[in-house]
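One structure is given here, and the rest of the page talks about it.
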Amino acid sequence: QVQLVESGGGLVQPGGSLKLSCAASGLIFSLATMGWYRQAPGKQRELVATINSGGNSNSADSVKGRFTISRDNAKNTMYLQMNSLKPEDTAVYYCYAKGGSRIFVMNDYWGQGTQVTVSS
């Protein structure tokens, strides 16, 4: 069974920083495309950033220059470094994976989410 577990969320003041982690298991991690999504109350889930198996990344315009996505294949972990946080960054952040596992050649997986609240 594939599991994605997010951690690192919390309450931070505007302008502050947080680093989110997503620990994956049961996934052929090194070959998977990984990403972060977020969902604020009353809004649709939106893409924050992605990183493919080759380490190439893309991010939404709203977070460019502030957020950095990365991965450590040896640790089966993906990260999101969030700097210069704004109140509008407040949301539940979800880890996403597209890749193979023991029983599927290719499938989509989601973590349970971690809350990020930016408030003074």
Side-chain angles (χ1 to χ4, degrees):
Q1 183 180 10
V2 171
Q3 289 187 319
L4 304 175
V5 181
E6 302 96 333
S7 61
L11 175 64
V12 65
Q13 294 187 120
S17 297
L18 284 174
K19 188 173 184 178
L20 306 183
S21 298
C22 172
S25 61
L27 180 72
I28 306 175
F29 186 85
S30 63
L31 300 181
T33 295
M34 305 294 297
W36 290 97
Y37 287 73
R38 67 186 182 186
Q39 187 167 24
K43 296 185 178 180
Q44 294 188 79
R45 188 173 297 185
E46 65 175 350
L47 177 67
V48 176
T50 61
I51 183 166
N52 68 15
S53 60
N56 300 124
S57 63
N58 287 286
S59 59
D61 289 342
S62 60
V63 306
K64 274 190 170 68
R66 300 188 298 120
F67 292 9
T68 302
I69 189 171
S70 62
R71 64 194 294 164
D72 186 338
N73 289 344
K75 296 182 178 179
N76 286 175
T77 303
M78 176 184 63
Y79 306 95
L80 185 68
Q81 178 65 53
M82 305 186 294
N83 299 323
S84 302
L85 283 160
K86 305 174 181 179
E88 51 262 46
D89 295 319
T90 296
V92 177
Y93 284 70
Y94 295 92
C95 178
Y96 165 83
K98 180 186 289 290
S101 68
R102 184 178 178 184
I103 59 174
F104 291 110
V105 175
M106 187 69 67
N107 204 6
D108 296 335
Y109 304 96
W110 293 92
Q112 83 290 342
T114 185
Q115 176 70 230
V116 172
T117 302
V118 184
S119 177
S120 59

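The NZ atom of Lys98 sits 8.0 Å away from the CG atom of Asn107 when rounded to the nearest 0.5 Å. Atom-to-atom distance recorded for Tyr109:OH and Tyr96:OH is 10.5 Å, nearest 0.5 angstrom. In this structure, the separation between CE on Met106 and OG1 on Thr33 is 7.5 Å, given to the nearest 0.5 Å. To the nearest 0.5 angstrom, Asn58 atom CG is 8.0 Å from Asn52 atom CG. The distance from atom CD1 of Ile28 to atom CG of Asn73, rounded to the nearest 0.5 Å, is 12.5 Å. Summarising the geometry, atom CG belonging to Asp72 is positioned 11.5 Å from atom OG belonging to Ser30; distances are rounded to the nearest 0.5 Å.
Scanning both residues, Ala91 and Gln115, for their nearest heavy atoms gives O-OE1, 3.4 Å. For the residue pair Met34 and Ala97, the shortest heavy atom distance occurs at SD-CB, 3.5 Å. For the pair Phe29 and Arg71, the tightest heavy-atom approach, listed with the atom from each and the gap, is O-NH2, 2.6 Å. Ser84 approaches Ser17 most closely through the heavy-atom pair N-OG, 4.3 Å. Summarising the geometry of Ser101 relative to Gly26, their closest heavy-atom pair is CB-O, 3.3 Å, with the distance given to 0.1 Å.
Placement of Tyr79 and Leu20 in two distinct hydrophobic clusters is found when ILVMFWY residues are connected by side-chain heavy-atom separations under 4.5 Å, directly or transitively. Grouping the Ile, Leu, Val, Met, Phe, Trp and Tyr side chains by contacts below 4.5 angstrom, directly or via other members, places Val2 apart from Leu31. By the criterion of side-chain heavy atoms lying less than 4.5 angstrom apart, applied directly or through intervening Ile, Leu, Val, Met, Phe, Trp or Tyr residues, Leu11 is not grouped with Tyr93; the two fall into different hydrophobic clusters. Linking ILVMFWY residues whenever their side-chain heavy atoms come closer than 4.5 Å, directly or via other members, places Val63 and Ile51 in the same cluster. Ile69 and Tyr37 end up in different hydrophobic clusters when Ile, Leu, Val, Met, Phe, Trp and Tyr side chains are linked at under 4.5 Å.
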For this session: Let me see the working for Phe67 and Leu85 under side chain to side chain contact (heavy atoms under 4.5 Å, CB included), right down to the final yes or no.
Result: CA-CA 9 Å; Phe67 292 9; Leu85 283 160; 3.8 Å; yes
For this session: Determine, step by step, whether Leu80 and Arg38 satisfy the side chain to side chain contact (heavy atoms under 4.5 Å, CB included) criterion, reporting the C-alpha distance in whole Å, the side-chain angles of both residues, the deciding distance to 0.1 Å, and the verdict.
Result: CA-CA 12 Å; Leu80 185 68; Arg38 67 186 182 186; over 6 Å; no
Validation: residues 3-10 side-chain donor-acceptor distances under 3.5 Å, sequence neighbours left out:
residue: Glu6; atom: OE1; partner: Gln112; partner atom: N; Å: 3.0
residue: Glu6; atom: OE1; partner: Gln112; partner atom: NE2; Å: 3.1
residue: Glu6; atom: OE1; partner: Gly113; partner atom: N; Å: 2.9
residue: Glu6; atom: OE2; partner: Cys95; partner atom: N; Å: 2.7
residue: Glu6; atom: OE2; partner: Gly113; partner atom: N; Å: 3.1

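Residues satisfying the ring pair (Phe, Tyr, Trp, His ring centres under 6.0 Å) criterion with Tyr94, sequence neighbours excluded, are absent altogether.
Remark: Asp89 does not engage Lys86 in a salt bridge, criterion side-chain N to carboxylate O under 4.0 Å.
Of the possible polar contacts, none joining the Thr117 side chain to the Thr90 backbone as a donor-acceptor pair under 3.5 Å is found.
By the 6.0 Å contact criterion, CD on Glu88 is enclosed, its count of non-hydrogen atoms from other residues, nucleotides or ligands being greater than 12. Counting heavy atoms of neighbouring residues, nucleotides and ligands inside a 6.0 Å radius, atom NZ of Lys75 does not exceed 12 of them.
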